[in-house]
Amino acid sequence: MKIHLVNPSDSAFGTAVITPRWLFVLAAATPAEFGDPEICDETLQQLDPARIGAGDVVGIGIHTGNTLRGYEVGRIARERGAHVVFGGIHASLYPQEVLELGHAHTVVKGDGDLAWGQALHDIRRGVAREIYEGGRVDPEQFKAARWDLLPPNKYMWGSVQTVRGCAKHCSFCSVWRTDGQKPRQRSSDVVIEEAVALRRLGYRFIALADDNFYPVTLTDLKNAERQGNREKLSQLNAIRAERFELMARLAELPQDVTFFTQITMEAAEDTEFLDAMRRARIRGALVGIEAVTAEGLKSVYKDFNLVGESLIERLKVFQKHGVHVLGSFIFGLSTDRPDTFDATLELAHRSGLTFAQFVMLTPFAGTVDFEKWEKAFGQDIPQVEGKPITRYWLIPPDKRPKMFMPHPTMSSEEMRQRTQYVWDRFYSFAAVWKRSRCTPHLRSRLAFVFISKLYRQMYASTGIATDSARRSRANRWARWLAVPCRKLFHGAPMPALQVPPRHERERALAAAAGAFSVIP
Ligand code: SF4
């Protein structure tokens with residue numbers, strides 16, 4: 001009984017940017033008696049069905065974007081006589097659909113850290129259930145990824161999770177509903193051990209794959225204090241102190257290790273936090289800017305963000321404190337007008353963003369936006385290829401509409417063209433070369449250009465491009481750029497690297513206590 005873990009994908013680049021962490025976490029969650037699972041990441045290479053034998057177990061993780069390919073993998077695995085288990089966000093949201101269309105025997109909902117092992121035991125004993133409720137496990141029970149199973153020379157960046165959950169409730173995002181609004185933070189010991197394991201293998205760049213790296217804001221602390229809620233204040237203080245402790249310990253890792261994360265814009269108010277990020281060499285962060293107008297922000301429940309000149313000033317604070325920003329914008333909000341596209345491009349240039357992404361508003365399953373969108377159709381749901389548009393992930397990708405939410409004043413094609421224009425302008429060679437001044441040497445400027453172009457091409461291949469010629473050109477470019485980029489990101493392996501000793505931790509704790517001075 002061999003165990004397989006498959007990350008489904010329609011396109012394989014041979015090289016991928018970030019390690020798909022869930023594969024290596026579930027490998028760790030596989031009880032030792034089942035042996036090491038065989039891992040297949042289809043963003044590298046498609047599954048070879050001959051690897052699957054009768055009586056094997058095939059675990060498939062899906063999100064809305066790769067569901068259809070996941071169902072195809074489920075069919076292949078079941079035909080080979082395997083027991084098929086699905087997990088991931090989409091399987092958690094639509095377990096019945098997965099059982100009916102994904103050829104699944106079993107679905108694991110929620111966190112797989114514990115439930116996956118339970119399901120495997122039951123499958124072996126012939127008493128597997130259809131549904132396992134993984135729930136939200138405590139952070140002490142999160143499994144550390146099995147980085148020893150990483151294939152060599154395939155990924156550019158490692159990924160380590162430090163916290164699950166996000167206290168916000170943005171309407172286009174499902175994270176706060178699936179991972180919860182209470183931050184579940186891992187101890188710095190296990191995070192550091194994983195980062196060291198990755199650096200031993202030669203990974204110099206590590207994504208801190210968190211829902212929100214800044215789980216406690218200054219406003220949260222002030223509110224708790226104003227309410228006289230001592231218990232809450234002490235909980236928030238503890239979370240914040242652990243963040244500082246973690247960052248102080250990251251700073252003790254080899255100097256060539258660089259981190260990247262995602263964070264809310266409120267972190268710019270907290271320059272102590274940004275300075276700790278800089279010392280930890282967390283050199284970049286994805287910041288959800290989403291919209292440049294107050295109406296737009298309100299429409300996505302993100303009115304804690306700023307607009308106009310204050311927004312530009314706030315974004316510049318990150319840069320001043322040594323944290324580069326990948327700004328994320330959404331187009332297609334009902335409040336958008338033709339001039340919103342130019343205004344967004346101008347703001348992206350003026351606020352000193354290092355990278356930017358411009359995504360079309362999409363009703364992702366599990367979000368508030370999705371529920372409103374689905375409800376608005378009533379009984380009259382349009383069909384494409386016999387599938388209701390509200391189950392768009394079941395429509396073949398080449399037939400799938402690129403935009404789902406009709407806009408009150410612009411056609412879908414107009415919005416697509418305007419979005420494409422913004423991408424092309426932000427990533428024009430002249431603009432990228434100008435931004436590359438943020439790095440000191442010619443070699444690193446060239447690396448910056450390569451990476452910017454790779455980012456642009458990878459996005460173009462899977463994102464907004466509609467014509468297939470442009471998509472396949474972008475795919476070819478991405479494949480070609482990916483190899484030199486991977487080499488730029490890697491360093492010589494450090495097999496003898498040790499986890500920083502205990503006394504460093506004590507020092508880090510002291511640094512954390514010093515940095516933590518918000519509440520007197
Ligand atoms: S978009 Fe970001 S800030 Fe908003 S709920 Fe999702 S993770 Fe949290």
Side-chain angles (χ1 to χ4, degrees), residues 18 21-22 63-65 88-90 92-93 110-111 136 139 142 159-186 207-221 223 236 239-240 243 260-270 273-274 277 282 284-294 296-307 311 314-315 318 323 325-333 335 344 353 355-373 405 463:
I18 299 182
R21 185 175 167 76
W22 78 265
H63 50 83
T64 308
I89 294 176
H90 193 85
S92 302
L93 292 167
D111 293 338
R136 292 177 192 147
F142 292 179
S159 56
V160 178
Q161 189 171 48
T162 76
V163 60
R164 260 181 228 174
C166 176
K168 307 296 180 195
H169 56 277
C170 304
S171 66
F172 54 86
C173 175
S174 62
V175 156
W176 57 279
R177 289 174 143 190
T178 52
D179 283 349
Q181 288 185 283
K182 186 170 158 243
R184 290 175 287 155
Q185 200 156 261
R186 298 174 81 199
L208 301 176
D210 299 329
D211 297 327
N212 178 3
F213 187 77
Y214 185 57
V216 174
T217 67
L218 293 184
T219 307
D220 295 334
L221 288 164
N223 285 344
L236 296 176
I239 295 172
R240 180 177 164 85
R243 292 274 91 180
F260 179 87
T261 191
Q262 7 192 25
I263 204 163
T264 51
M265 204 189 294
E266 296 147 305
E269 291 170 348
D270 194 345
F273 196 88
L274 293 184
M277 284 175 71
I282 303 173
L286 186 149
V287 176
I289 301 166
E290 325 305 0
V292 296
T293 64
L297 289 172
K298 204 162 172 212
S299 73
V300 292
Y301 303 174
K302 203 152 185 171
D303 29 8
F304 55 88
N305 272 3
L306 298 179
V307 292
L311 170 58
R314 185 164 277 198
L315 288 168
F318 284 97
V323 178
V325 173
L326 190 172
S328 180
F329 299 88
I330 299 177
F331 285 140
L333 304 176
T335 51
T344 303
L353 300 184
F355 293 93
Q357 62 183 28
F358 309 93
V359 299
M360 296 303 308
L361 181 64
T362 303
F364 286 112
T367 64
V368 170
D369 282 350
F370 182 89
E371 281 166 11
K372 278 203 243 165
W373 175 70
M405 300 171 101

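Remember, it's 1-based here, ligands and their atoms both numbered in the order they're listed.
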Checklist line | atom 6 (Fe) of ligand 1: nearest protein contact (heavy atom, Å) | finding: Cys173 SG, 2.3 Å
Margin query: If I take atom CD from residue Glu290 and atom CG from residue Leu333, how far apart are they, to the nearest 0.5 angstrom?
Written below: 8.5 Å
Notebook entry, point to check: Regarding Arg184 and the six-membered ring of Phe142, is the cationic atom NZ or CZ under 6.0 Å from the ring centre and inside 45° of its axis?
Noted result: no
Next item on the list: Would you check whether Asp211 reaches within less than 4.0 Å of ligand 1, judged by its heavy atoms?
Entry: yes
Next item on the list: Flag this pair as yes if the NZ/CZ of Arg243 is under 6.0 angstrom from the six-membered ring centre of Phe213 and inside a 45 degree cone about the axis; otherwise no.
Entry: yes
Notebook entry, point to check: Gln161 and Arg186: which non-hydrogen atoms are nearest, and at how many Å?
Noted result: O-NH1, 2.8 Å
Margin query: When you compare the side chain of Thr178 with that of Arg164, does any pair of heavy atoms fall below 4.5 Å?
Written below: no
Next item on the list: Please identify which atoms of ligand 1 are closer than 4.0 Å to at least one heavy atom of Trp176.
Entry: 5 (S)
Check: With a cut-off of 4.0 Å, which atoms of ligand 1 are near a heavy atom of Thr264?
Finding: 3 (S)
Note to self: Considering Cys170, Ala167, Gly288 one by one, which has a heavy atom nearer to atom 4 (Fe) of ligand 1 than any of the others?
What the structure shows: Cys170
Notebook entry, point to check: What atoms in ligand 1 come closer than 4.0 Å to a heavy atom of Cys166?
Noted result: 3 (S), 5 (S), 7 (S), 8 (Fe)
Check: Parallel under 30°, tilted from 30 to 60°, perpendicular over 60°: which one fits the rings of His169 and Trp176?
Finding: perpendicular
Next item on the list: Identify the protein heavy atom lying closest to atom 2 (Fe) of ligand 1, giving its residue, its atom name and the separation to 0.1 Å.
Entry: Lys302 NZ, 4.2 Å
